[in-house]
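Okay, structure first, notes after.
Atom set for the values below is all heavy atoms of this structure, side chains included, hydrogens, waters and symmetry mates excluded. Just so you know, residue 1 is the first one in the sequence shown, and it goes up from there.
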Amino acid sequence: MTRTKTITLDQLRRYAVARTLFPPTTLQKAIERLGFVQADPIRAPARAQDLTLRHRVKDYRAGDLERRYPRLAVEEDCLVNYGFVPRSLLPLMHPRTARRGWDAATQRRADELLAFVRARGATHPRDVQEVFDHGRVQSWGATNTLNASTALLDGMHYRGLLRVKRRENGTRVYEAVDHPPADEDPAARHERARRLLMTIVEKYAPLPSASLGYLAHLLQYGAPHLHGETRTLLAELRAELPQARIDGVTWLWTPAEDPASRKWRVDDGRARLLAPFDPVVWDRRRFELLWGWTYKFEAYTPAARRTMGHYALPLLYGDRAIGWANATLVDKARLEVHVGFADKSWTRDQALAAAIDDELARMAEFLQLDRGAATRIKRPRK
């Protein structure tokens with residue numbers, strides 16, 4: 001039965017921020033609590049996974065996840081996108097059956113390559129290229145091609161035949177892995193799908209009902225073989241999760257949590273620069289409903305059409321998303337930051353200016369620069 005509460009949008013905003021910006025903890029515990037950390041290779045001024053974790057891990061520094069990954073119970077894998085998941089989630093997604101099967105020739109090459117990796121142990125793509133000549137395959141775009149061995153390794157990783165053992169200068173180093181057979185009893189499949197969907201709810205709550213539907217669709221990436229169960233469960237969750245209807249939008253959140261509770265506390269005087277894929281801002285539909293303006297990720301937009309910049313980092317002030325910043329590392333020693341605001345009246349707020357300066361000092365430390373190495377450019381770039 002649907003459970004409906006009287007909740008305000010102000011309460012949802014504070015709840016959305018407070019529940020995911022929890023007190024900094026260890027790297028392992030932060031990833032377990034988040035359930036999934038989306039990865040992105042662009043460094044502006046650091047990778048998205050590092051920008052996300054710096055707010056949630058005590059004394060975190062850029063690159064700590066890659067450096068410490070081999071010692072963590074964490075895996076590079078897929079959920080709704082590619083990123084990092086607690087190892088405990090793997091039995092819910094593996095063995096993974098890809099939506100597109102391999103033809104006989106590709107399967108034969110994969111079998112040969114898997115035998116090679118099993119015999120060799122930790123395997124860098126260049127080790128494969130020294131032994132196998134798989135040619136090239138078309139990548140995204142009409143004129144782009146990719147080394148076929150690299151593409152095959154990626155496909156084997158996706159199917160759960162390989163895991164990422166570590167990275168060397170950003171390149172995946174693989175090893176063979178065996179996942180135990182999954183229980184295919186309908187009740188067991190249903191439970192796996194439920195746990196995956198609840199992982200999503202717990203990460204992104206509070207969610208508009210439409211956003212939950214979108215995320216359930218994206219879950220086909222991490223668990224394509226549970227698509228049928230996911231569709232059935234989506235209707236069930238929409239009916240049973242705690243919810244409220246505000247201005248025509250149905251919001252859902254996790255059981256046993258009350259968005260109106262006074263336990264959800266936010267430091268109203270603190271500014272934070274967030275990754276474009278941070279849980280606070282990832283859902284663009286939710287972002288606009290909560291804060292009343294549209295944030296755009298424009299890294300792949302032609303420069304002439306950008307309105308916020310190449311890699312705009314959303315600017316959070318307390319529980320208000322009020323603008324964005326583009327941060328550029330200059331000569332590996334100095335950080336230049338261009339700030340923009342959704343409402344230009346914020347440019348005259350002295351308390352905010354001081355809070356931004358404090359955040360830039362923290363960003364410099366995160367990048368292992370001097371605290372004073374960040375320079376704020378008050379006029380945003382066009």
Side-chain angles (χ1 to χ4, degrees), residues 21 24 27 37-69 83-84 167-171 269-278 280-282 295-317 321-344 346-382:
L21 286 171
L27 181 52
V37 177
Q38 186 167 334
D40 189 83
I42 298 175
R43 299 191 192 197
R47 295 189 180 102
Q49 53 267 38
D50 291 320
L51 291 168
T52 296
L53 290 166
R54 81 178 186 95
H55 294 293
R56 299 165 173 92
V57 178
K58 188 175 180 180
D59 299 324
Y60 189 84
R61 298 294 180 262
D64 276 355
L65 177 57
E66 184 172 319
R67 285 188 288 269
R68 296 165 59 185
Y69 173 85
F84 298 85
R167 286 197 179 233
E168 291 184 4
N169 297 320
T171 300
R270 179 166 180 174
R272 299 177 189 259
L273 292 176
L274 305 176
F277 313 117
D278 190 281
V280 174
V281 300
W282 180 90
Y295 163 70
K296 297 180 180 179
F297 177 63
E298 300 176 310
Y300 303 106
T301 301
R305 293 170 50 196
R306 291 174 186 153
T307 59
M308 295 183 182
H310 169 251
Y311 201 80
L313 306 175
L315 172 60
L316 191 71
Y317 186 41
I322 62 171
W324 62 91
N326 286 270
T328 304
L329 191 58
V330 180
D331 299 327
K332 297 183 179 181
R334 183 166 50 88
L335 191 66
E336 284 191 356
V337 182
H338 299 252
V339 179
F341 296 101
D343 180 343
K344 289 191 167 104
W346 284 110
T347 61
R348 300 185 295 274
D349 191 306
Q350 296 303 309
L352 170 61
I356 291 175
D357 289 342
D358 287 344
E359 169 66 347
L360 296 187
R362 290 190 293 269
M363 176 76 81
E365 284 189 324
F366 156 74
L367 295 169
Q368 300 182 71
L369 308 175
D370 293 335
R371 277 185 64 89
T375 302
R376 181 156 65 97
I377 310 300
K378 294 186 179 180
R379 283 183 63 87
R381 286 177 291 187
K382 301 295 184 183

inquiry  = When you measure from the side chain of Asp370 to the backbone of Gly372, do you find a donor-acceptor pair of N or O atoms at a distance under 3.5 Å?
reply    = no
request  = Mind running side chain to side chain contact (heavy atoms under 4.5 Å, CB included) on Leu65 and Arg167 for me, showing each step along the way?
outcome  = CA-CA 10 Å; Leu65 177 57; Arg167 286 197 179 233; over 6 Å; no
note = Separation between NE2 (His310) and OG1 (Thr301), nearest 0.5 Å, reads 9.5 Å
note = Rounded to the nearest 0.5 Å, the OH atom of Tyr295 sits from the CG atom of Leu313 at a distance of 6.5 Å
ask   = Which residue, Arg376, Arg371, Arg362, forms the salt bridge (charged side-chain N to carboxylate O under 4.0 Å, His left out) with Asp357?
value = Arg376
query = Rounded to the nearest 0.5 Å, what separation is found between the NE2 atom of His55 and the CG atom of Leu21?
reply = 7.0 Å
request  = To the nearest 0.5 Å, tell me how far Leu273 CG sits from Arg54 CZ.
outcome  = 6.5 Å
Approximate separation, where rounding is to 0.5 Å, of Glu359 CD and Leu316 CG = 9.5 Å
ask   = For Tyr317 and Ala355, which heavy atoms make the closest approach, and how far apart are they?
value = CE1-CB, 3.9 Å
request  = Kindly say whether Tyr311 contributes a backbone atom to a donor-acceptor pair with the side chain of Glu298 at under 3.5 angstrom?
outcome  = no
ask   = In terms of the angle between their ring planes, are Phe366 and Tyr60 parallel, tilted or perpendicular, with boundaries placed at 30° and 60°?
value = parallel
task = To the nearest 0.5 Å, tell me how far Asp358 CG sits from Arg272 CZ.
result = 12.5 Å
ask   = Just by distance, do the side chain of Asp40 and the backbone of Ile42 share a donor-acceptor pair under 3.5 Å?
value = yes
message = Between Thr52 and Gln38, do the side chains contain a donor N or O and an acceptor N or O under 3.5 Å apart?
response = no
task = Please examine the side chains of Phe341 and Leu315, heavy atoms only from C-beta on, and report whether any two atoms are closer than 4.5 Å.
result = yes
Worked check of side chain to side chain contact (heavy atoms under 4.5 Å, CB included) between Trp324 and Thr307 = CA-CA 11 Å; Trp324 62 91; Thr307 59; over 6 Å; no
Shortest non-hydrogen contact between Arg67 and Ala62, atoms and distance = NH2-O, 2.8 Å
inquiry  = To check you understand the geometry: which heavy-atom pair defines the closest contact between Pro276 and Val281, and what is its length?
reply    = O-CG2, 3.7 Å
request  = Kindly indicate whether the side chain of Ile322, heavy atoms from C-beta on, has any atom under 4.5 Å from the side chain of Leu352.
outcome  = yes
Candidate list Leu51, Leu369, Val337, test side chain to side chain contact (heavy atoms under 4.5 Å, CB included), partner Met363, passing option = Leu51
ask   = Are the side chain of Asp50 and the backbone N or O of Gly63 linked by a donor-acceptor pair below 3.5 Å?
value = yes
query = Under 6.0 Å from the CZ atom of Arg61, do we count more than 12 heavy atoms belonging to anything else shown?
reply = yes
query = For the residue pair Pro45 and Leu335, what are the closest heavy atoms and their distance?
reply = CB-CD1, 3.9 Å
